[in-house]
Amino acid sequence: MHESRTGLSPLPRSFFTRPTIELAVALLGVRLVRRWEDGTASVGVIVETEAYGGPADRASHARAGPTRRNAAMFGPPGHAYVYRVYGLHTCLNVVGAADGGVGAVLVRAVAPLEGIVALAVRRTPPARTAPPRARLAAGPGNVGAAFGIGLELDGTDLTAPGPLWLAAPAAGMREALLADGVAAAARVGVAYAGAGWSDRPWRFGVRDHASLSRPFPRSG
DNA sequence: ATAGGGATTCTC
DNA sequence: AGAATCCCTATT
């Protein structure tokens, strides 16, 4: 498939070069493109994100400074930071520029757009007799599984066509998606950060979208 | 060399 | 509520 003809040209580096809180909101509606080794591709729309900062953010993987695992967070914006959690799941982050140019945005949920068959087929557990789930890539671990994102993709440049990149929303898509506004809430699973950090509303999502990893508390 | 724990998910 | 499961980090 040809990216230019299908409207899946990668977003430029400048899109990612901004504070991660801004980037986390801007990524809602952006398309995640996965090109498989057999040449087929899967595309989904990002509907939920979480912003993480640099060493100052007590919830961030960057909080103890650069290490081998979080090296990508300290690198140039627009690259992928992929990590494994609980020995089981791999999660995708988009590197942005928060404190001192360091930070990343966790992709928490992606709504299927194309290549749904491929997404379903590539899910880890083989034989599944139950009907396919409506929320295919809801939750960061499920995003990693559905898009076949392993640690080997850590550091991937998302601004160039390759195994994985990001493309601007289709015309009118973002406006339609966000017609009811952007929902915000505290980040998930970061209690270890302590009060003042764990409660910052840096989780963002398309309000009431069916593919959210979990509901946002109703506010206004 | 080794212990401790996690930006999770699914099932009971 | 509990298990599954392994890489990374910090410590001995």
Side-chain angles (χ1 to χ4, degrees), chain A residues 19-21 23-25 27-28 32 44 46-75 79-96 98-99 102-112 119-120 122-156 158 183-205 210-217:
Chain A
T20 49
I21 296 178
L23 180 59
V25 174
L27 282 172
L28 298 176
L32 177 64
I46 297 174
V47 296
E48 184 183 337
T49 58
E50 259 174 16
Y52 288 88
D57 180 0
R58 302 316 295 162
S60 174
H61 284 175
R63 63 187 178 278
T67 63
R68 188 159 84 252
R69 178 175 75 153
N70 66 19
M73 290 186 77
F74 290 80
H79 288 245
Y81 163 45
V82 179
Y83 69 92
R84 182 184 294 286
V85 276
Y86 299 108
L88 300 167
H89 309 105
T90 50
C91 303
L92 170 68
N93 290 256
V94 179
V95 175
D99 328 303
V102 179
V105 175
L106 174 66
V107 178
R108 287 194 57 89
V110 176
L119 288 182
R122 313 240 173 201
R123 273 189 60 77
T124 13
R128 177 57 78 96
T129 51
R133 304 176 56 102
R135 300 156 27 193
L136 211 42
N142 289 331
V143 171
F147 284 83
I149 298 169
L151 294 180
E152 74 280 358
L153 290 182
D154 184 32
T156 300
L158 301 173
R187 294 174 289 183
V188 176
V190 296
Y192 58 80
W197 288 104
S198 63
D199 48 9
R200 296 196 181 205
W202 290 355
R203 170 179 171 236
F204 304 98
S211 290
L212 294 176
S213 67
R214 57 182 69 189
F216 280 78

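The chains referred to below are lettered A, B, ... by the order of the sequence lines, with proteins before strands, and numbering in each begins at 1.
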Contact list for residues 190-203 of chain A, test side-chain hydrogen bond (donor to acceptor under 3.5 Å, both in side chains), sequence neighbours left out: A:E48-A:R203
For A:A80 against A:V95, the heavy-atom pair lying closest together: C-CG2, 4.4 Å
Results of side chain to side chain contact (heavy atoms under 4.5 Å, CB included) for A:L151 - residues two or more places apart only: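 Once residues adjacent in sequence are excluded, the partners of A:L151 under the side chain to side chain contact (heavy atoms under 4.5 Å, CB included) criterion are A:V82, A:R84, A:T90.
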Run the side chain to side chain contact (heavy atoms under 4.5 Å, CB included) test against A:P66 and tell me which residues pass, sequence neighbours left out. A:N70, A:F74
Can you tell me how far [atom2] of [Y] sits from [atom1] of [X], rounded to the nearest 0.5 angstrom?
X      : Y      : atom1 : atom2 : value
A:H79  : A:T156 : NE2   : OG1   : 9.0 Å
A:I46  : A:L32  : CD1   : CG    : 5.5 Å
A:L212 : A:R108 : CG    : CZ    : 10.0 Å

Write down the distance between [atom1] ([X]) and [atom2] ([N]), rounded to a whole number of angstrom.
X      : N     : atom1 : atom2 : result
A:N142 : B:dT8 : CG    : P     : 11 Å
A:H61  : B:dA7 : NE2   : P     : 4 Å
A:L92  : B:dA7 : CG    : C1'   : 12 Å
A:Y86  : B:dG6 : OH    : C1'   : 5 Å
A:R84  : B:dT8 : CZ    : C1'   : 12 Å
A:L212 : B:dT9 : CG    : P     : 13 Å
A:E48  : B:dT8 : CD    : P     : 11 Å
A:R214 : B:dA7 : CZ    : P     : 13 Å

Where do N or O atoms of nucleotides 1-5 of chain B meet protein N or O atoms at under 3.5 Å, pair by pair?
none

Select from A:H89 and A:L151 the residue whose nearest nucleotide in DNA chain C is closer to the 5' end of that strand.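 Nearer the 5' end of the strand: A:H89.
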With a 4.5 Å heavy-atom cut-off, do [X] and [Y] have their side chains touching?
X      : Y      : value
A:E50  : A:P140 : no
A:C91  : A:V85  : yes
A:F147 : A:V110 : yes

By side chain to side chain donor-acceptor pair (under 3.5 Å), which residues pair with A:N93, not counting sequence neighbours?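 Listed in chain order: nothing, the list is empty.
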By a strict heavy-atom criterion of less than 4.0 Å, which residues belonging to residues 103-110 of chain A are in contact with DNA chain C?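 Heavy-atom cutoff 4.0 Å gives no residues at all.
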Going by 5.5 Å between centroids and 30° between planes, is there a stack of A:Y52 over B:dA7? yes
Describe the nucleic acid contact of A:G141 in one word from base, sugar-phosphate, nothing, applying a heavy-atom distance below 4.0 Å.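 Result for A:G141 = sugar-phosphate.
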Which one of A:V47, A:V25, A:V105, A:L27 satisfies the side-chain contact (heavy atoms from CB on, under 4.5 Å) criterion with A:F204? A:V25
Mind checking which nucleotides bracket the chain A contacts on DNA chain C, 5' to 3', with an atom under 4.0 Å from a heavy atom?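 So the contact region on DNA chain C extends C:dA4 to C:dA10.
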Return the set of residues passing ring-ring contact (aromatic ring centres under 6.0 Å, His included) with A:Y83 (not counting sequence neighbours), or none when no residue passes. A:H61, A:Y81
Does any pair with a residue in residues 63-75 of chain A pass salt bridge (charged side-chain N to carboxylate O under 4.0 Å, His left out), and if so which ones, sequence neighbours excluded?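 Matches after skipping sequence neighbours: none remain.
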Symbol by symbol from the 5' end, with Watson-Crick or G-U pairs under 3.5 Å, [ ] crossing and | another strand, DNA chain C is ||||.||||||.
